[in-house]
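Nothing here was measured: the structure is a model prediction, and the numbers come from that model. What you see below is based on every heavy atom in this structure, not just the backbone, and it leaves out hydrogens, waters and symmetry mates.
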Amino acid sequence: MNPARPITTFRLGSLLRLQKDPKLALQLFKNPNPEPPLKPFRYSLLSYDLIITKLGRAKMFNEMQEILSQLKEETLFTPKEALFCDIINFYGRAHLPEIALKLFDEMPSFRVQRTVKSYNSLLNVFLMCKDFDKMRELFVGIEKLGKADACTYNLLIRGFCASGRLDDAFKVIGEMTNRGVSPNVITFGNLIYGFCLHSRLKEAFKLKTDMVKIYRVYPNAYIYASLIKGVCKNGDLSLAYRLKEEMIRNKIELDSAIYSTLISGLFKVGRKEEALGVWEDMKVRGCKPDTVTYNVIINLFCKDKDFEAAYRLLDEMVEKGCEPDVISYNVILRELFKEGKRDEANDLFEDMPRRGCAPDVVSYRILFDGFCNGMQFKEAAFILDEMIFKGFVPCSASICKFVNSLCEGKNADLLRLAFNTLEKGKLVTVDLWTMAVAMAYKDDKLSSSFNLVDSLIDDMN
DNA sequence: TTAGGGTTAG
């Protein structure tokens, strides 16, 4: 960097935009010029927006709070409400609803006027966290801020659907129209999605008719996707095809979601060739497959034990700039284990970070269960330790099975190691203790068994 | 980025 050219307010914005690493971006923000400045650096609102959203996306909340405190002291400009919507959303995704609420309450001290937009963002946080009581409580309090809009009611509908209260969800339409808010295509989409999810297809289709007849709102691709998935789950593939034809007739674009649903539905009922036909048709019609579509096809080849084809698809995704995600890998990992290709699976798992994809809780569970089923308990213990260290938890049934196997195999060393690991994750239950103690007593060498129990207890303390 | 669909498995 040329020291003769100090970084200006404007240039900091451009540099922040380019810096992908949030830590480096923060460094740059805090110290734009290495030389001690003659006068304090003047930040732009854009720089604040960029650094705060970068830190929020990276879940670097302490650092983000620090910048927010600094922003609060700026008097030359007032931040936009949209920035606070973003931050509230970041806290929601991190399952920190109380902090989101606190920030919402503090907005006026940033000289930001709260409207129904930030209120809806907050409502969405409690929806994400499945705190439906709190949603209801917030909804009752909205009058203080303004009028609930369609988005507010749509969030409420999702809350009811998520808690299985479909009839209450349906009643929201009446409530909103009574208050002069018109239901929109998202309102009907949410309801149809809920009905389809609970296999109440008749009501879903009735709503699709009524939304047009009564409200003059027309179904879009989102709604067709829910319906197609619903009828596929029911095994009615001909109806799924008819819905697709109806979309073409109504000039609704067949997007990748529609194709993913159809291909997946066809494959699940054993119509593999037809599924591959739709996959070809999709490409012929110029609809670009995305990560989800590729995942559906990868799943198809994996279930067919054609791992070479699955790997080829992973490469094709990278070539086409459509990055494989954790599901792409989990699909392959699961099938590799099912086929007993545990070494190959482990290699792929270990290669994931290099390929730019961090394993998630599902990946770890696949490995842990896979090694247990293959009686590779040492490897299972190793994965267990790694996953618990990362804050992921195995299924309780898997832990039980694992401990049971170690007991049956009288594998005292691994058992001690496993208890140690499980304790770190606070996962040792009474059942597991009972199993270990029973094993100790069953052993004819009673004295050494007491030693085992003692050492298990010692390790805990 | 105020709200919605489709893929793993459970």
Side-chain angles (χ1 to χ4, degrees), chain A residues 49 52-53 56-57 80-90 92-93 114-125 127-128 148-159 161-162 172 183-194 196-197 204 217 219-230 232-233 240 243 247 252 254-265 267-268 275 282 287 289-300 302-303 310 313 324-335 337-338 359-363 365-366 369 395-398:
Chain A
D49 274 353
I52 288 170
T53 47
R57 270 196 205 104
K80 296 264 184 298
E81 186 186 18
L83 174 64
F84 286 83
C85 293
D86 284 350
I87 305 171
I88 289 170
N89 185 30
F90 294 142
R93 283 195 295 198
R114 290 178 299 180
T115 74
V116 69
K117 286 183 187 176
S118 43
Y119 167 84
N120 287 340
S121 300
L122 187 64
L123 207 55
N124 190 36
V125 167
L127 173 64
M128 281 192 261
D149 62 6
C151 176
T152 316
Y153 288 106
N154 290 343
L155 288 165
L156 223 55
I157 288 174
R158 285 203 70 87
C161 286
V172 173
N184 60 22
V185 69
I186 299 176
T187 314
F188 296 109
N190 286 346
L191 284 164
I192 288 172
Y193 170 82
C196 288
L197 197 66
V217 180
N220 60 11
Y222 283 75
I223 288 177
Y224 277 98
S226 294
L227 290 168
I228 291 174
K229 186 183 173 182
C232 282
K233 203 170 80 180
L243 284 165
M247 287 181 76
I252 301 165
L254 301 177
D255 60 17
S256 60
I258 297 293
Y259 281 108
S260 304
T261 319
L262 252 180
I263 296 168
S264 170
F267 179 64
K268 277 182 182 156
M282 163 181 195
C287 175
D290 59 11
T291 299
V292 176
T293 327
Y294 273 109
N295 289 349
V296 170
I297 302 294
I298 288 174
N299 183 46
L300 182 151
C302 282
K303 288 264 156 58
L313 280 165
D325 65 4
V326 73
I327 294 183
S328 324
Y329 292 102
N330 288 349
V331 166
I332 302 177
L333 288 174
R334 187 178 301 279
E335 288 309 314
F337 270 107
K338 270 196 202 154
D360 68 355
V361 63
V362 178
S363 328
R365 285 177 176 179
I366 292 168
D369 293 349
C395 299
S396 57
S398 303

Considering only atom P, compute the distance from B/dT1 to B/dG5 and round it to an integer number of Å.
12 Å
Distance check, C1' atoms only: B/dG6 and B/dT2, in whole angstrom units.
23 Å
Could you encode protein contacts along nucleotides 4-10 of chain B as a string, one character per nucleotide from 5' to 3', using B for base contact, S for sugar-phosphate-only contact and - for no contact, with a heavy-atom cut-off of under 4.0 Å?
BBBBBS-
Hey, are A/Ser121 and A/Asn124 close enough side-chain-wise for a donor-acceptor pair under 3.5 Å?
no
Side-chain donor-acceptor contact under 3.5 Å, A/Thr293 with A/Ser260:
yes
Once you apply a heavy-atom cut-off of 4.0 Å, does A/Arg57 come out as touching a base, just sugar-phosphate, or nothing?
base
Between A/Ser118 and A/Thr115, is there a donor-acceptor pair closer than 3.5 Å when you use the side chain of the first and the backbone of the second?
yes
Check the side chains of A/Thr291 and A/Asp325 for a donor-acceptor pair under 3.5 angstrom, ignoring hydrogens and angles.
no
Evaluate A/Asp149 against A/Thr152 for side chain to side chain donor-acceptor pair (under 3.5 Å), listing each step before the verdict.
CA-CA 5 Å; A/Asp149 62 6; A/Thr152 316; 2.8 Å; yes
How many Å lie between CE on A/Met128 and P on B/dT2, as a whole number?
12 Å
I'd like to know if the side chain of A/Asp86 and the backbone of A/Asn89 have a donor-acceptor N/O pair within less than 3.5 Å.
no
Same-atom distance (C1') from B/dT7 to B/dA3, integer angstrom:
22 Å
